[in-house]
Amino acid sequence: MSEGLTHAAWSDALREGVLLGGACDDCGATVGTPKAACPHCGARGLEPVELPTAGTVYTETTVEVPPEGIDERGYQVAVVDLGVARVLGRLDGAAEIGDAVALAGHVEDEQGYVVPRFEPA
Amino acid sequence: MPRVAVVGAGMTEFGIHDVPLEELFAEAAFGALDDAGAEPADVEALYFGNAMSGQAENATHLGPKVAAHAGMAGIPVQRFEDACATSANAFKNAVAAVEAGVHDAVLVGGVERCTPETGRDTAAMTRVFASASHRQYEQPAGLTFPGVFALLTKRHMHEHGTTEEQLAHVAVKNHGNGALNPRAHFGKEVTIEEVLDGPVVADPFRLMDCCPFSDGASAVVVVGDDVADSYDAPVDVTGVGHATDVVPIADKKTPHVTQAARDAAEEAYEQAGVSADDIDFAEVHDCFTGAEVLASEALGLVADGEGGPAAAAGRTARDGDVPINPSGGLKAKGHPIGATGTAQVVELTEQLRGEAGARQLPDADRAVAHNLGGDAATTVVSVMEVRG
């Protein structure tokens, strides 16, 4: 009974270079990850929408002390503002808040979960 | 009008404890009971917090384990998990139950062991802590908890011009306060230069911008307002607010404002019939220096954007106009996750009684505790006052 955007559909799209989000008809909010109902107003049935793949860095940090399971250090994690919504992902190539970035792929963890990977535009 | 009263408070030293969770919790529980002049048999229910011992040391179903170890087998125990806001959530529910007359006297507390010395190493605990970020939409990026608060803090720096040196002032202040607290994990003062020269964990945070992994336990005894005066040193609880925010971070409306803290503070202040201007001091959730800056603004103790300058100007020092974290905070006192919320209540209780020793604040009549969980998606704010 899973109407609307699911994690599986979101992940499949990301692997194809497409970012999906959910748009709320009631309050006008758009979110960058699947939700069963609008997190801002509670309305059910967010409409799956294709998000822009380019935007600007909203905030970022470089992680020097990684969790177990990640061998590299000094990788950048960013929240990217796509205009209608924001998404979190990896950022390859140094960029600061306000810099233009674009989707450049995805990173995948040991369980097969994927998140977006951005590069400076 | 008090909702309930805290009549006993106890906590272990925060630091390294190579003992089972049950023994650690019992030390805090008996400290609270002794302080109240009560016995285990007087406790009608236990509201218990533990965040991650299932992951960290394969210990779950801890409620009856700690109750049985401390002479309270048989009573109902409810266990709370809300990341770093774990035992404040236990406290909130205990206050509600006692106020409603479900129980006359309850024990509230929490325990956690997080140090590499007694458990898993830094990389493993970093992964355990990261379980509070979204499994599908955040963890695959390698986001850590220093990273979570770095994301919030860097946006705050961008919006308001907050500087790394201002953040360092938070660390220096809280280390200084911790040096006066015999139960603090870190008991030494540090300098701005030492903080700014430390290795980067997740920029802008360097090592001394971050709280430590700690072992410890804390507990308080909560009773109804109608019986509080039969105890030696009751302190009133006049408001407890609790709110959540959207997860993951990217879907929050404005991540760095920590909206849950603002909503919880509004609720707590309204219950207490006070405003931020009436607060004499605060214990806030400074898991990272930037988190204290965000909290000081969310609680209304300083204006938005003024958290950094206020710390640098000494306004939040023990002799400032709005003292924050006289205990040393998570930064210096330590942060055994499930014990932190009620440890803040312990500090409020001791300060409001005038029993805080070398770190005692003058004229402390009303205080606020701010305990945050996860990526600021849970916050519990509690107002306590000298009994009127």
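Quick note on labels: first sequence line is chain A, next is B, and so on, each numbered from 1.
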Find the distance between CD (A:Glu68) and OG1 (B:Thr126) and round it off to the nearest 0.5 Å.
9.5 Å
Contact origin within B:Val247 toward chain A - heavy atom pairs under 4.5 Å
backbone
Toward chain A, the part of B:Ala130 with a non-hydrogen atom under 4.5 Å
neither
Shortest non-hydrogen contact from [X] toward [Y]:
X        : Y        : value
A:Gly32  : B:Asp251 : N-OD1, 2.8 Å
A:Thr61  : B:Ala150 : OG1-CB, 3.3 Å
A:Val115 : B:Gln136 : CG1-O, 3.6 Å
B:Val246 : A:His40  : CG2-CE1, 3.9 Å
A:Leu88  : B:Ala250 : N-CB, 3.8 Å
B:Asp203 : A:Thr62  : OD1-N, 2.6 Å

Can you check whether B:Pro140's main-chain N or O pairs, donor with acceptor, with A:Arg90's side chain at less than 3.5 Å?
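Checking the backbone N and O of B:Pro140 against the side chain of A:Arg90, no donor-acceptor pair under 3.5 Å is found.
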Check for a donor-acceptor pair, side chain of A:Arg86 on one end and backbone N or O of B:Ile249 on the other, with a separation under 3.5 Å.
no
Among residues 102-111 of chain A, which ones touch chain B with a heavy-atom distance under 4.5 Å?
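Checking residues 102-111 of chain A against chain B gives A:Val107, A:Asp109, A:Glu110, A:Gln111.
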Between B:Met157, B:Lys252, B:Lys253, B:His256, which residue shows the highest count of heavy-atom pairs closer than 4.5 Å to chain A?
B:Lys253
Greatest number of heavy atom pairs closer than 4.5 Å to chain A - which of B:His158, B:Glu138, B:Met125, B:Arg135
B:Arg135
Tell me if the [atom1] atom of [X] is crowded by more than 12 foreign heavy atoms within 6.0 Å.
X        : atom1 : result
A:Glu16  : CD    : no
B:Glu270 : CD    : no
B:Glu266 : CD    : no

Measure centre to centre between the rings of A:His7 and B:Tyr137, then say whether the value is under 6.0 Å.
yes
If you count heavy-atom pairs within less than 4.5 Å of chain B, which of [options] leads?
options                            : value
A:Leu91, A:Val31, A:Thr33, A:Asp81 : A:Thr33
A:Pro39, A:Gly21, A:Gly74          : A:Pro39
A:Val63, A:Val79, A:Val80          : A:Val63

State, with a plain yes or no, whether a side-chain heavy atom of A:Tyr113 is found less than 4.5 Å away from one of B:Gln139.
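No. Closest side-chain heavy atoms not under 4.5 Å.
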Side chain, backbone, both or neither: which part of A:Val77 has a heavy atom under 4.5 Å from chain B?
both
Is it the backbone or the side chain of A:Pro116 that comes under 4.5 Å from a heavy atom of chain B, or both, or neither?
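The answer is neither part of A:Pro116.
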Is B:Arg155 close enough and on-axis enough to A:Tyr58, meaning under 6.0 Å and within 45°, for cation-pi?
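Yes, B:Arg155 and A:Tyr58 form such a contact.
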Residues B:Lys154, A:Thr59; criterion side-chain contact (heavy atoms from CB on, under 4.5 Å); working and verdict:
CA-CA 6 Å; B:Lys154 281 194 95 168; A:Thr59 187; 3.7 Å; yes
